[in-house]
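For ligands, and for the atoms within them, numbers begin at 1 and follow the listed sequence. Positions are given from 1, in the same order as the sequence printed here.
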Amino acid sequence: MSDLKAQVKALKNPPQHIAIIMDGNGRWAKKKGMLRAFGHENGVDALRRIATAAAEVDVKFLTVYAFSSENWNRPKTEVKALMTLLVSSLKKELKTLKDNNIRLQAIGETASLPKNCQNELAEVIELTKDHNHMTLTLALSYGSREELSRAARCLAQEVAEGKRSLESIDEEAMASKLYTAHMPDPDLLIRTSNEYRISNYLMWQIAYSELYFTPKLWPDFREDDLYQAMLDYQNRERRFGKISEQLKSEIS
Ligand code: FPP
């Protein structure tokens, strides 16, 4: 076991939910003189390693940005390559999910994915639904603004139909209409590749998440990089708007 992994295992309050913006596949491939699709293929390898590593240290939820609402605007060939990769990866990685007792979920406008992707996704979700060690959620055709508009529409419709009062629309009601209604908010958000943006990812849910940025490009992100981020998280004081002294008196 690596030293960092042992340290993570010993943490008192490790992050339960980690969200990742897996960025830098294209630059990684370009640096090697290869096509962007090669970067994405290696991105899948990194995701397999990181999901396995997260499960090994008992992370409960791992939510990764695999394809954003805005990614549809990429060149058609790249979108097609990503969709093909999604189907082949789902087929290939079912064994990884089974071996590690990981449940697969998806968030986003998955109905806009090509039919074969939707079918493969539905099948793997069904086949892993009873796995209970960790939930791996793929954000696919996902964008926070779309998610929030959808939640607002849904609540407005319930008011229009007389199913709820205007006053009942509060934070809890909004959260209950998000794709993530069934999970806790992320404790830690990691973004690779030296970019310091949120890029329309889980904007509601990360209101109080700790943010961790690393220059590593996603295909180079390794188990120890994950563990380093988790250790860094442990050294943050999460005050949720309170002051330090209040937190200390709550603990003692
Ligand atoms: C960002 O790198 C990465 C993506 C847009 C896709 C992430 C996808 C994977 C890791 C593969 C698993 C997901 C699927 C759908 C099979 P980038 O292309 O923006 O890199 P760049 O910023 O260097 O150009």
Side-chain angles (χ1 to χ4, degrees), residues 18-54 62-97 100 102 104-125 128 134-144 146 179 189-202 212-223 225-226 229:
I18 300 179
I20 308 184
I21 302 178
M22 310 180 289
D23 197 11
N25 295 348
R27 275 163 287 165
W28 184 87
K30 196 170 173 194
K31 270 181 32 184
K32 294 192 164 352
M34 303 294 281
L35 295 174
R36 295 178 60 82
F38 183 67
H40 295 315
E41 284 162 27
N42 282 272
V44 173
D45 293 339
L47 177 54
R48 179 190 321 109
R49 280 193 296 267
I50 295 305
T52 307
L62 181 68
T63 303
V64 296
Y65 213 0
F67 192 84
S68 73
S69 309
E70 290 75 24
N71 285 155
W72 290 113
N73 299 322
R74 289 197 173 191
K76 273 201 177 79
T77 46
E78 183 166 348
V79 171
K80 195 158 181 251
L82 275 166
M83 294 301 143
T84 306
L85 183 61
L86 175 61
V87 172
S88 62
S89 305
L90 286 166
K91 284 188 200 296
K92 198 169 137 210
E93 302 305 337
L94 180 59
K95 182 171 169 2
T96 310
L97 299 172
N100 294 281
I102 298 173
L104 189 80
Q105 294 263 286
I107 55 172
E109 276 188 297
T110 51
S112 42
L113 297 171
K115 205 75 202 145
N116 62 333
C117 293
Q118 288 185 46
N119 292 344
E120 198 60 43
L121 194 58
E123 189 173 333
V124 178
I125 288 173
T128 62
M134 185 179 87
T135 299
L136 170 65
T137 302
L138 302 180
L140 287 165
S141 191
Y142 174 88
S144 279
E146 183 277 326
Y179 294 122
L189 171 74
I190 299 172
R191 180 169 191 149
T192 58
S193 91
N194 227 7
E195 304 286 356
Y196 298 79
R197 286 188 296 278
I198 300 304
S199 300
N200 204 12
Y201 191 44
L202 301 174
Y212 183 88
F213 299 98
T214 165
K216 284 263 172 107
L217 302 175
W218 175 249
D220 286 334
F221 194 77
R222 291 288 179 277
E223 290 87 338
D225 297 313
L226 173 74

* Residue portion contacting ligand 1 (non-hydrogen atoms closer than 4.0 Å) for K30 -> neither
* **Shortest non-hydrogen contact from F213 toward E195** => CD2-O, 3.3 Å
* To do: Using distance alone, with no hydrogens and no angle criterion, decide if S141 and W72 have a side-chain donor and acceptor under 3.5 Å apart.
  => yes
* Asked: Any N/O of W28 closer than 3.5 Å to an N/O of ligand 1?
  -> no
* Close side-chain approach of L104 and L94, heavy atoms under 4.5 Å -> no
* To do: Give the contacting part of L217 toward ligand 1: side chain, backbone, both or neither, where contact means a heavy-atom distance below 4.0 Å.
  => neither
* Could you tell me which atoms of ligand 1, counted from 1 in the order shown, lie closer than 4.0 angstrom to a heavy atom of V44? => 11 (C), 12 (C)
* **Whether L47 lies under 4.0 Å from ligand 1, heavy atom** => no
* To do: Report yes or no: does S193 have a heavy atom closer than 4.0 Å to ligand 1?
  => no
* To do: Determine whether the side chains of Y179 and Q105 contain a donor N or O and an acceptor N or O closer than 3.5 Å.
  => no
* Asked: Among I21, N25, D23, D225, which one satisfies side-chain contact (heavy atoms from CB on, under 4.5 Å) with T192?
  -> D23
* Counting each atom of ligand 1 from 1 as listed, which ones have a heavy atom of L86 under 4.0 Å away? -> 16 (C)
* Structure fact -> Nearest heavy-atom contact between A54 and M134 is CB-SD, 3.8 Å
* Does I50 reach the side chain of V64, with side-chain heavy atoms less than 4.5 Å apart? -> no
* **Shortest protein heavy-atom distance from atom 1 (C) of ligand 1, along with the residue and atom involved** => M22 O, 3.2 Å
* Taking the side chain as every heavy atom from C-beta outward, state whether I18 and L226 have any atom pair closer than 4.5 Å. => yes
* Describe, in one word, how the ring planes of Y201 and Y65 are oriented to each other, choosing from parallel (under 30°), tilted (30 to 60°) and perpendicular (over 60°). => parallel
* To do: Answer yes or no for E41: is there a heavy-atom contact with ligand 1 below 4.0 Å?
  => no
* Asked: What atoms in ligand 1 come closer than 4.0 Å to a heavy atom of N71?
  -> 5 (C)
* Can you find an N or O of Y65 that's nearer than 3.5 Å to an N or O of ligand 1? -> no
* Asked: What is the nearest protein non-hydrogen atom to atom 9 (C) of ligand 1, stated with its residue, atom name and distance?
  -> N25 ND2, 3.7 Å
* **Neighbour count >12 (heavy atoms, 6.0 Å) for atom CG, L35** => no
* For ligand 1, which atoms, with element, lie under 4.0 Å from some heavy atom of A66? -> 6 (C), 7 (C), 8 (C), 13 (C), 15 (C)
* **R74 touching ligand 1 at heavy-atom level, < 4.0 angstrom** => yes
* For atom 20 (O) of ligand 1, which protein heavy atom lies nearest, and how many Å away is it? -> G26 N, 3.0 Å
* Heavy-atom contacts with R27 under 4.0 Å: which atoms of ligand 1 show up? List them by number with element. => 21 (P), 22 (O), 23 (O)
* To do: Flag S89 as yes when one of its N or O atoms lies below 3.5 Å from any N or O atom of ligand 1, and as no otherwise.
  => no
* Asked: Does any N or O in the side chain of N119 come within less than 3.5 Å of the main-chain N or O of N116, such that one atom is a donor and the other an acceptor?
  -> no
